[in-house]
Structures are given as structure tokens and as C-alpha cells.
**Student:** 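Let me begin by handing over the structure; questions about it come next.
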Amino acid sequence: MSKNSMRAITTLVVSIFIIIIAGNIFFHQYLKNNDRGEHSVVNVLDFGAKSSHKADNTKAIQDAINSIEGSGGTVLIPEGEYIISQLKIPSYVELKGRGNSTILKMKKQNNKPLLVLKSDTSQMVHLKNFMIIGNKSNQTSSATDAIHFVNTLNQDKMLKMSRIKEHDSRHLIENIYISETKGNGLYIEGTGESRIKNVQTLRTDGNGIYSNAQDNFFINCSVGDSGLEGILVGRASTNTHFINCKSWYSGRVNSERGDGFLINAVRVSIIGSEAQDNRKHGFVFGGNDIVGSGLLAESNGWLFEKNIRRADGTGFVFLGAQNTNVQGVAADRYTSSKDKSHQSYAVQLLNGARGNIVNISSRGMHIGGIPSQNMDKNKVTIIETQSNGDVDTLGN
């Protein structure tokens, strides 16, 4: 090979190397000047957050959130306890912790919810892998929900503000543990298609979960020792779905609002779920066109503080419901002692309930299967096992 050829090859290699270096520099500068690219990841510690039990971290974490507003991305919250008053989360932002080692604790005398949306058109907000402590012994306001997401129901408004031409909110709330709130554990309202997965609430003074948003999915959620209803489904929460959820010990603050599941919306499905030891009823169906399958109502109607049972404690209550189809089991684990048995009835049909199909197997009720109201307006079958082992078929 001639010297000229070697010189030409060397020049070509050096030129290609320079082009690669220059392109790499240009690319990184482009990302820096364009909101850090498609998916930014920021750490709250870089914005001054301190994982101590005393520091107010609201500004530092909000600054981290604001730094990726518009572009979207993930805000990492490392292990530790962070005192916060309120965080406002815009579209396409994810708050992500380190599981049970990341704790967001509500500031004393807060008087407002902890996590809220930046606007009523915020969409695709993700909350993942952390704990929320409501610090209720140092709160005086019931407005102190742990999570309070309110979207508009105006889909045209949502679409107009959407970066991706989407008219639903489509949030994701996953692997969140909530305890000790003066208000609700989780409240959600407005447009839907959100997924709420593996959320647990414990000892909230309000409702454990209060859904007033349409078209949402609740999967593997558990609410315990709620002050009011365990899971409350408001009238605006149409076409909502519950899969493998549980509510227990509801009604600690007000036993008259101590149902495990109170469903007031229409077109709701609830599958493979349980209501256990709630202070009033297990499942209450106050809406129409509801389907429930594989439901377990067990030992509801016991007033723990007074150590007595409710006279009307019931597994499944149809409160004016129409065209509702429910299949499940009503049981009381205290069958060995008549004085300790909790649940009085398997089923009640009230307030003109009609057109419903009810298939329940029942064991251990204190009084019996069902009061006689409106039986002729519904199709009811209850297979009831008596304490002596005899089996009765009730219904029409």
C-alpha cells in the first residue's frame, strides 16, 4: 500500500472519529436544552430534601417535581422520612419511592390533602412504592386526605390540554400504604381509566377509599379499620371495577357509616372480594346494573366498642338496587356461640329493590337468611346451613 493511500485512510479514520465525538457532544447538549430528553429522572436529595424526622421537605420535593413539568419523568424519593404539607403533581410525572423505607409524613396542623393534582386536567400521574402517614393525632381538619386527585369530567377540556391527545386521566397508583389520616385514605374524582393497584389503607378517620371517578380499576386493594365506609363508590363512579379487594373493621368513628363496600353508582363490577368484621353491613348495593361474583361477607355487624351486635347487620344489602346480579357467600365464624355471632342476615332487600338476581350460600347467621320484603320482585336463592347441619333453601 502506498504512503498516499495510508495517509488517506488515516485522514478518513480521524475524520470519522471527530464526527462521532462532535455528534455525541451535540446530542448531549440537545438533551440538556430540550428538557432532558424523553424521560428525565431526578432525585429529591439533589434539590435539598433531607430524610429526617423534623425537616419540612415540601419545597425541595416540589422543586424536583417542577423541574420536569412539561417534559415529564420520574422523581425519585430515596429511603427516609420526609415531612410534607402538600405536593402538586402535573401531567406525566411519576413519584417513586423505595417501598416501605420511603415515608411521606403529613406536617402537623396541615388542613389540606397531602398529594393533589397540579390542575384538573393533569393526566398520567404515577405514584409508586412508598408509604404515607397522615399524622392524625396532630391534625384537626378532615380535609387531610392522603391522596386527593380531582379531574374535570369535561373530556374536551382534558383533550385540549393533553400532550398525547388523550381525553381520560389514566393515572397509576401502585404499591402505596396509607395510614393514620384524619381524612380519607384515597379520594379520586373525574375522568377515569386510572389503575389503582396494591393500595392499602389503615386507621383512616374518613373512608378508606372513596371513588367518585368513572371507568377506573381497583385491583388487590385492602382497607382496614376505616372511620367511615371502607370502600365508598359515589354516584359519579360509573363503570368502575373492583378485583380481589377487601374491607374490614369499617365504622370505627361512626358505626352508622360502617359498611365494608357501599356502592351507589351504576354499572359497577366487583369480583373476588371480601367484607369482613365491618361494624354495619358487608356489601351494600345502592345503584343499578351491578354485577358481583365470588363475594364473601363474613361476620359483619359487630360493634366492637360496645361488644354487641347490630340487630340488622347483614352480609348483602340491596338498597333500592335494580338489575343487579350477585353471587357469593354469607358466613359468620362465631357459629359455636350464639351470644358471639355477629351477622344477623345473609341478605336484605330494602327501599323497593327489584329486578335483582341473588344467589347466596349462607352459614351461621344469627337470625336467618332474609327478611321477606320485596321477595316477589327479585329472584333470590339462599342455601342456608343451620347450626345442627340441616340445610334449608330459601327464596322464590
Side-chain angles (χ1 to χ4, degrees), residues 136-137 142 179-182 184-185 201-209 222-232 245-264 273-286 295-320 326 328-351 353 358 360-373 382 384-390 392 394:
K136 70 180 179 183
S137 61
S142 61
S179 67
E180 308 292 340
T181 60
K182 193 73 173 175
N184 300 308
T201 74
L202 187 63
R203 294 184 297 276
T204 62
D205 278 1
N207 305 289
I209 292 175
S222 174
V223 299
D225 213 10
S226 305
L228 305 177
E229 319 290 353
I231 295 178
L232 174 59
C245 295
K246 181 174 181 177
S247 177
W248 49 280
Y249 283 18
S250 303
R252 177 177 42 79
V253 174
N254 183 352
S255 62
E256 289 302 314
R257 295 184 60 189
D259 299 313
F261 292 79
L262 175 55
I263 302 174
N264 290 322
S273 296
E274 180 182 8
Q276 180 185 38
D277 289 321
N278 297 287
R279 289 168 174 84
K280 194 175 183 184
H281 305 305
F283 296 89
V284 179
F285 305 102
L295 306 183
L296 174 59
E298 198 255 311
S299 302
N300 299 287
W302 186 254
L303 302 176
F304 297 90
E305 292 75 17
K306 298 179 180 179
N307 201 34
I308 59 174
R309 75 174 66 85
R310 288 182 63 96
D312 63 343
T314 303
F316 300 92
V317 177
F318 295 79
L319 196 64
V326 171
V329 170
D332 195 314
R333 66 183 180 277
Y334 297 101
T335 55
S336 60
S337 172
K338 188 174 182 179
D339 292 334
K340 289 184 178 179
S341 61
H342 296 180
Q343 208 160 263
S344 293
Y345 300 109
V347 174
Q348 285 199 73
L349 300 164
L350 305 173
N351 291 14
V358 184
I360 302 295
S361 59
S362 168
R363 187 176 70 87
M365 300 304 100
H366 173 59
I367 296 176
I370 184 171
S372 60
Q373 184 182 11
I382 300 176
E384 183 162 355
T385 304
Q386 305 293 338
S387 58
N388 63 3
D390 291 342
D392 294 329
L394 309 175

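Scope of the values below: all heavy atoms of this structure, side chains included, with no hydrogens, waters or symmetry mates.
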**Student:** Rounded to the nearest 0.5 Å, what separation is found between the CZ atom of Arg279 and the OG atom of Ser226?
**Tutor:** 9.5 Å
**Student:** Working note: Tyr345 + Ser362, criterion side chain to side chain contact (heavy atoms under 4.5 Å, CB included); need CA distance, chi angles, decisive distance, verdict.
**Tutor:** CA-CA 9 Å; Tyr345 300 109; Ser362 168; over 6 Å; no
**Student:** Kindly indicate whether the side chain of Phe316, heavy atoms from C-beta on, has any atom under 4.5 Å from the side chain of Ile360.
**Tutor:**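 When only atoms from C-beta onward are counted, Ile360 and Phe316 do touch, with a gap below 4.5 Å.
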**Student:** Can Arg363 and Glu384 be counted as an ion pair, charged N to O under 4.0 angstrom?
**Tutor:** no
**Student:** Answer yes or no: is there a side-chain heavy-atom contact under 4.5 Å between Val317 and Phe285?
**Tutor:** no
**Student:** Do the side-chain N and O atoms of Gln348 and Thr314 include a donor-acceptor pair separated by under 3.5 angstrom?
**Tutor:** yes
**Student:** To the nearest 0.5 angstrom, please state how far the CG atom of Leu228 sits from the CG atom of Asn254.
**Tutor:**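 Leu228 CG to Asn254 CG: 6.5 Å, rounded to 0.5 Å.
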**Student:** Under the side chain to side chain donor-acceptor pair (under 3.5 Å) test against Ser250, which residue among Asp259, Asn278, Asp277 passes?
**Tutor:** Asn278
**Student:** Looking only at atom types and distance, does a side-chain atom of Lys280 sit under 3.5 Å from a main-chain N or O of Ser255, one as donor and one as acceptor?
**Tutor:** no
**Student:** What is the minimum heavy-atom distance between Gly260 and Ser247, and which atoms define it?
**Tutor:**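 Residues Gly260 and Ser247, closest heavy atoms: O-OG, 2.9 Å.
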**Student:** Charged N to carboxylate O below 4.0 Å: is that the case for Arg309 and Asp332?
**Tutor:**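 No, Arg309 and Asp332 are not salt-bridged.
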**Student:** Rounded at 0.5 Å granularity, tell me how far CG in Leu202 sits from OG1 in Thr181.
**Tutor:**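 Going from the CG atom of Leu202 to the OG1 atom of Thr181 covers 10.0 Å.
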**Student:** Salt bridge check, Lys136 against Asp205: does any charged N sit closer than 4.0 Å to a carboxylate O?
**Tutor:**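 Salt bridge: yes.
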**Student:** Please check if the side chain of Ser273 supplies one atom and the backbone of Lys246 the other of a donor-acceptor pair under 3.5 Å.
**Tutor:** no
**Student:** Within this structure, what is the CH2-CD distance for the pair Trp248 and Glu274, rounded to the nearest 0.5 Å?
**Tutor:**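 Result: 11.5 Å between the selected atoms.
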**Student:** Do Gln343 and Glu298 touch side chain to side chain, with heavy atoms closer than 4.5 Å?
**Tutor:** no
**Student:** So does Thr204 get a backbone contact from the side chain of Arg252, meaning a donor-acceptor N/O pair under 3.5 Å?
**Tutor:**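 Yes; at least one donor-acceptor contact below 3.5 Å.
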**Student:** Nearest 0.5 Å, what's the NE2-CZ distance between His342 and Arg310?
**Tutor:**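 Result: 14.0 Å between the selected atoms.
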**Student:** Hey, what do you get for OG (Ser179) to CG (Asp225), rounding to the nearest 0.5 Å?
**Tutor:** 11.5 Å
**Student:** With a 4.5 Å cut-off on side-chain heavy atoms, are Leu350 and Phe318 touching?
**Tutor:**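 No, side chains not in contact.
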**Student:** Contact between Leu232 and Ile263 at the side-chain level, heavy atoms closer than 4.5 Å - yes or no?
**Tutor:** no
**Student:** Within the structure provided, determine whether Val329 and Leu295 are in side-chain contact (heavy-atom separation under 4.5 Å).
**Tutor:** no
**Student:** Using a 3.5 Å distance criterion without hydrogens, assess whether the side chain of Asn207 forms a donor-acceptor pair with backbone atoms of Asn184.
**Tutor:** no
